[in-house]
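Every chain is numbered from 1 and lettered A, B, ... according to where its sequence line falls, protein lines coming before strand lines. Quick caveat: nothing in here was measured; it's all calculated off a predicted structure. All values below come from the heavy atoms of this structure, side chains included, with hydrogens, waters and symmetry mates left out.
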Number of protein chains: 2
Amino acid sequence: MSKPLSGRKPSAKREAILDAAQVVFLDVGYAAASMDGVAARAGVSKATIYAHFTSKDQLFSAVIQRRCERSEAFQSIDSQGDVRAVLTGVARRLMTLLLSPEALAMYRLVVAESLRQPDLARAFYDSGPAAGKAQIAAIMADLADRGELVLDDPWVAADQFIGLLRTDLFMRTLLGLPLRDGQTLDGVTVGAVDVILRAFGPKR
Amino acid sequence: MSKPLSGRKPSAKREAILDAAQVVFLDVGYAAASMDGVAARAGVSKATIYAHFTSKDQLFSAVIQRRCERSEAFQSIDSQGDVRAVLTGVARRLMTLLLSPEALAMYRLVVAESLRQPDLARAFYDSGPAAGKAQIAAIMADLADRGELVLDDPWVAADQFIGLLRTDLFMRTLLGLPLRDGQTLDGVTVGAVDVILRAFGPKR
DNA sequence: TAAAAACTGAACCGCTTGGTTTAGTTTTGC
DNA sequence: GCAAAACTAAACCAAGCGGTTCAGTTTTTA
């Protein structure tokens, strides 16, 4: 009858609903997900859901927002050490993140709904691609300061580095297609680092 | 009463249905699109749709397939001339294709449905990303033969070249977010070509 | 011109959906 | 220990969906 307006105190039920909704949405997609399904999975009555969230849209949005806030993909990367080693570490980390089933599911969802729910697209972009790029740009700027790289603009370089990682391997995985023979995470990683080093390495 | 099994003769109604379905699907997404809506837009009765297509799924599939078959993105590219000019031409062409509203809408759709409709994902991949990559790889192989590039594997290089183009600009456009200041198609194009030339150019 | 095929439009079916309500039960806070 | 708040289960609603049917009209074809 009355909504728990109580700030965002992590009510147990509320969390259960969000957890269940996350699973259902990421699993079957936005449109195919039903509120009854979410309620069942959460072990909660449908009325309770509507006591916490005003609509399916809003629940969906809350799910994505929460997942976004939680992502701390690149905290604590040490930019010390050999350039190649640093870049390889970053690349491998980003690759495993990009290729993780949850990240892919989320990407599929957000991309599909982005035009219908611009706020969501923004939230996703800011806490996903933009945040990652910022971290990588910072690292590359560091390397440039140490003279290990020669960069006009670390942001552009970071952008290009990421692009070199999101290649065919990513596309195939995203689409659920089998990988080609010899198409490996490490292969792509090494290839990208090679290109970056040849393009921006100090040895000229 | 009887279905026009007549091969794939381009019946006028059939085309009208496909056209309308394409607009509707690409516009509102698969789930949100209704057969009544398609019928209305096609100026056709719903029964006629079901005389030509067995289900919503199949209609959707037919729409995507048709769009895929039609794409002849890179026919007639001359790999003669200055390396930089050739690469820039290719890049600009690919960028405009990638950023076109229809291509983006299609990408959103297919990515969203890929897990539910694997055949569709495959068809899209083969006639889209894979076909493009093949064309670009061929061009790069040409350039390598002429000694303008030094490549281990033109396929890998093509993959990386494409990756360098599908960067932040693409992501933002895909998500419907406004572009950053100074974020232009030409900027990305030039940047990608620069990297490729520095990484694979002959002057060492 | 006449039979066959394609098409219409609207009614219709069964089902699911998002969302609400109600009446009653449990949990919580003080 | 009690009142307020949270929750439940189930019924319920209106709407929209994919898909079918059908009686009647138009178009094709030869």
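Between B:E113 and B:R108 there is no salt bridge, since no side-chain nitrogen of the basic residue lies less than 4.0 Å from a carboxylate oxygen of the acidic one. We find that B:R66 and B:D19 are joined by a salt bridge, their nearest charged nitrogen and carboxylate oxygen being less than 4.0 Å apart. B:R84 has no carboxylate O lying under 4.0 Å from a charged side-chain N of B:E148, or vice versa, which leaves the two without a salt bridge.
Regarding B:L59, its CG atom lies at a distance of 15 Å from the P atom of D:dC17, rounded to whole Å. Distance B:I17 CD1 to D:dG18 P: 15 Å, rounded to the nearest Å. Rounded to an integer number of Å, the gap from CE of B:M35 to P of C:dA10 is 19 Å. Atom C1' of nucleotide C:dT28 and atom NZ of A:K13 are separated by 13 Å, given to the nearest angstrom. Summarising the geometry, the separation between NZ on B:K56 and C1' on C:dC15 is reported as 15 Å, rounded to the nearest angstrom. Distance, B:I49 CD1 to C:dA6 P: 17 Å, rounded to whole Å. Distance CG (A:D57) to P (C:dT17): 16 Å, rounded to an integer number of Å. Taking atom CG on B:D36 and atom P on C:dT8, their separation rounds to 14 Å, with Å as the unit.
Nucleic acid contact class of B:K46 (heavy atoms, under 4.0 Å, all strands): base. Counting non-hydrogen atoms under 4.0 angstrom, B:A33 reaches the backbone sugars and phosphates but no base. Note on A:G37: nothing from the nucleic acid sits closer than 4.0 angstrom, heavy atoms only. Using a 4.0 Å heavy-atom distance criterion, B:S34 is classed as a sugar-phosphate-only contact.
Both cation-pi conditions hold for B:R166 and B:F170: the charged atom is under 6.0 angstrom from the six-membered ring centre and inside a 45 degree cone around its axis. A cation-pi contact, defined as under 6.0 Å to the ring centre and within 45° of the axis, links B:K56 to B:Y30.
Taking the side chain of A:Y50 as heavy atoms from C-beta on, and the options C:dT8, C:dT20, D:dC7, the nearest nucleotide is C:dT20.
Under 4.0 angstrom from either OP1 or OP2 of D:dC7 there lies at least one side-chain N or O belonging to A:H52. At least one side-chain nitrogen or oxygen of A:S45 sits closer than 4.0 Å to the OP1 or OP2 atom of D:dT8.
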